[in-house]
Amino acid sequence: MKWVRKSVLSVLSVVLLAGLLAACSNGEEGSVDEDGNWTGTITIWDGPRWPDEDENKYHWLEAKAAEYEEANEGIEIEIVQVPWAEMGDKLGVAIAGQSWPDIAPVDISGSAVSIDHIEQGVVEPLDELYTEDELSDFYDNAVEAYTFNDKLYGIPNSITVHSMLLNLDLFEEAGVEPPADGKWTWDEFVETAEGLTFDRDGDGEIDVHGFSTYILEGYYEAWPLFYKDGGRPLSDDLSEFTFNSPEAVKAIQDVADLKLELGVAPETLGGNDVGGTFQAWANEEQRTVAMEPWATWAIQSAQSAYPTNFMVAEYPVGESGKPVTIGGVGGWIMFGQDSDPKKEAVGEFMKYLSSTDEQYTMATEYGIFPARKSTADMDPYAENPQMARAQEMTKDVVMLPRHPEWKKIDEIIQGKLQVVFNGEKTAQEAMDEAQEQIEDLLSE
Amino acid sequence: MEGNKALASTAARDRDLKPPKKPSYNHKRSVWREMKKNYASYLFLLPKLTLFTLFIAFPVVWALVLSFQQYQVNGSFFIGLDNYIAVFQSDAFMEALENTALFTAVTVPFNIISSLVVASLIFPLGKLSQNFFRSAFYLPTVTSMVIIAMVWRWMYNYDFGLFNHILGWFGIEAVNWLGQSSTALWALIIMQCLIPFGVGIIMYLASMGAISNTLYEAATIDGAGAIKKWFYITIPLLKPTTLYLVLLSTIGSFQVFTQIIMMTGGGPDNATETLVHLIYKTGFRDFEFGLAAAQSVVLFLIILVFSVIQFRMLRHDE
C-alpha cells in the first residue's frame, strides 16, 4: 500500500511540474492539411483603438479576425490586448524570452524593436508579400521606414506628424490674429507668443502664456523647432554629432529663451510632464497656454475628449527657409517564424489588415494618416479640415536618424536639453557636453 | 599546595581537550535514510521548492551566468569580464551609484531615527490610542508606491502643487522641484523621509513591549529621568531590532525604483538616475541583458558589503 501511495504522489509531482513547464512554453506551429493549406493559431498583439457602443476598443481587430477565420478554415486568430503604454516593455520581454507574437503593431523608428533585432533575425522580411507594383501604392517615406539593407521588414499602415495647435479662444481673448494658412516665420511666431502672454485677472501675475512644450526621452514635439535653422542631431552618414553646430545651438537657445529671456512660456517649458502640458492647452478648466506642438493624436483628442476651438499650424520657419516637422511611421511587423507555410498565412492576414479600405477606416475612425496613396485619394478628411491641414504637412516630414544606438543618443540629447530649458546651462555648453558622450556611441 | 599545582599542570597538559570524535557513519546514507523516513514532509515542501527553484534560484543563477555573456536573442556567447569592465568604466553607472548612495545615506538614518522616536511616543499611550497610531503610521506601507508617487508628484507641481503654494504664503518664489537638476534628487529624498517607515514603527513597538519593566523601575529608583532611560535602556536593548531595520531599509533604499520611474524617469539629465532604474533601462530599453545582469551582480555585492559592515557594527554581542 505504501509504495502505491508513494508512486501516486511521485506521478502527481511529475505531472504538476510538466504542466507548469508546458504552461510556460511557446505556442504550437500548427500543421499543413492535405490541400497544402496551413492550419493553426496566429497570435496578434494590438493596443486599444477607437471604442464601439460597448466601449470595446478592440472591436475593429476582433471583427477583422472573425472575417479572416471564416474565410480561412482551420486558422484561428488569437488577439492579445496590450495597452499602448506597455507595448514596448512587453514586446521587449517577449523578444528576450523568444516567446514573441506572430504580429504586432510597431513604429520601427526608436521603439521596442530595433535594428539589432532585425540583424538578429527576430523580425521576418516581407519582400515576398507584395509585388513591386503593389508596394508602389505606399508612400516612399513609409516604405523606407521599414526598409533595412534593401529588405522590407513591415507593412506601414499610418504616418504621424507633429504640428502646432493653436487655441483660438485664447487668441480671441488676447485679441491676436492667428497666422494666415497656418504658415509663419520664427519672428512672427515670437511676436504672436508675446501677444498671447497676459494677465487674465488683473492681479499682476501672468495667467496665460503664449507657448509651451515638454522635453522627454522618446518624444519629439519640440524638435522641429530645433531644426528650424537647418540643424540636425547627426550628420547624414550618422558618423558625427551635429547638434552643437551654430544653427542647431541657436535654434535650441531661441526656444529656451522663450521662457528664460522673453517670459512668453511658463516655467514648466522643457519639463517632462506630458499630461500636464496637454491639459494646460486643452482642458477647459485650465487653458493657460495658447500654442503647443503635438502629434496627430492630440487633434483627435481636441475634437472629442477635450473639445477645443483650435487650428492646426505649421512649425515656424527659421533661417533654413523651409517648414520642417518630424514624423513617425506605424505598421505591422511579423516576428520570426519557424515554417514557411505559417509565414505565408501570417503574411496574408497582415495584408488583409493593411488594405486600402482598412487604412481608410483607420484614418476616419482612429485619426491616423494612411500610408497608402490609394487611401489618401479617397479623401478621408474631407469633413475634417484640421486633420486635412495636418496631412498636408506630411510632405515636410523629416525622419529621425536611424542609428542602432539612437535610444541612448536620444536620452543624452534630451537630458542635456532639459538642462538648457532649466537655465542651468547654455545650449552651446549642453550640446558640447552631449557631443563628448555621443561621439563614443557613434564610434562603437 | 605543591602537590595540587603538579596535579593541575599534569592534568592540563595531559588532558585531552579535543572534542570527542563523532561516531563514524555513512553520511550520505544517513541523509537519504532521513529523507526516506520523512518523505511526506518533503513532498509537502516540493511545490514551494519547485516554485522557488523555477522563479528565484534559477533566475538568480542565470543572471550570474548572463553577466559573463554578450546577450543575443539567437544564442548568447561568453565574453569573460567585459560586462563588468563596462560597468566600472561607465559614467552613467557611477552617477547612478552616487545618487543611490546619497539617497541611502540620508533616508536610512532619517527613517530609523524617526521610526524610533515615533514608536517611543506611541508606546506609553493607552491601547486604543496605540492601535490608532499604529494603524495610521502603517497605512503608507500597504499603499502602492505608485499611488504615493502620483500624489507627491502633484504636491511638487510647479503651478498648483502644495509646496509651492506654501512657499507663496511667505512670498518665496515657486521652485521647479522635479524639473531642476539641483532640486530633483533632494525632492525625492524629502519624499522618502516624510513617508512614515511603518515597518520600523511596528517592529520597534513590538520590541519595546519585550523590554522588562524591572529595568525601568530600577533606573527610576536610581534617579534616572525619561531621557536617560531612553538612551541607556531602550536604545541599547533595541539594538537587534535596529540592526534588522537598518539592513532592511538600506537594501530597500539601494533598490529605489518606483519613485524614480513615476516621478522623474531619472532626469533631468540623469540627476535622479539610480542603480535599479539604470539596470531596468539597460535591460528593457537597450536589451543589453548581459550588461544589466553584471550591473545587478555589482549592486548585489555593494548591498552585501554594506550589510556585512552594518552587521558587524551593530551586532548585539559587541
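In what follows, chains are A, B, ... by sequence order, proteins preceding strands, each numbered from 1.
Listed by first and then second residue, the side chain to side chain donor-acceptor pair (under 3.5 Å) pairs that reach into residues 155-167 of chain B are Asn164(B)-Trp177(B), sequence neighbours excluded. Screening residues 78-103 of chain B for side chain to side chain donor-acceptor pair (under 3.5 Å), with sequence neighbours left out, gives Ser67(B)-Tyr84(B).
Distance alone, capped at 3.5 Å, is enough to place a donor-acceptor pair between the Lys407(A) side chain and the Arg285(B) backbone. At distances below 3.5 Å, at least one donor-acceptor pair connects side-chain atoms of Asn283(A) with backbone N or O atoms of Glu285(A).
We find the CD-CD distance between Gln414(A) and Glu217(A) to be 7.5 Å, quoted to the nearest 0.5 Å.
Contacts between Glu424(A) and chain B at a heavy-atom distance below 4.5 Å involve the side chain alone, from C-beta outward. Neither the backbone nor the side chain of Asp440(A) comes within less than 4.5 Å of any heavy atom of chain B. Of the two parts of Gln437(A), neither the backbone nor the side chain holds a non-hydrogen atom closer than 4.5 Å to a non-hydrogen atom of chain B.
A donor atom on one side chain and an acceptor atom on the other are found under 3.5 Å apart for Gln253(A) and Asp257(A).
Among residues two or more places apart in sequence or in another chain, the side chain to side chain contact (heavy atoms under 4.5 Å, CB included) test is passed with Asn149(A) by none.
Interface with chain A: from residues 181-194 of chain B, residues Ser181(B), Ser182(B) qualify, criterion being any non-hydrogen pair under 4.5 Å.
For the ring-ring contact (aromatic ring centres under 6.0 Å, His included) criterion with Phe289(B), the lone passing option out of Tyr280(B), Tyr71(B), Trp62(B) is Tyr71(B).
Counting heavy-atom pairs closer than 4.5 Å to chain A, the top residue among Gly283(B), Ala92(B), Gly179(B) is Gly179(B).
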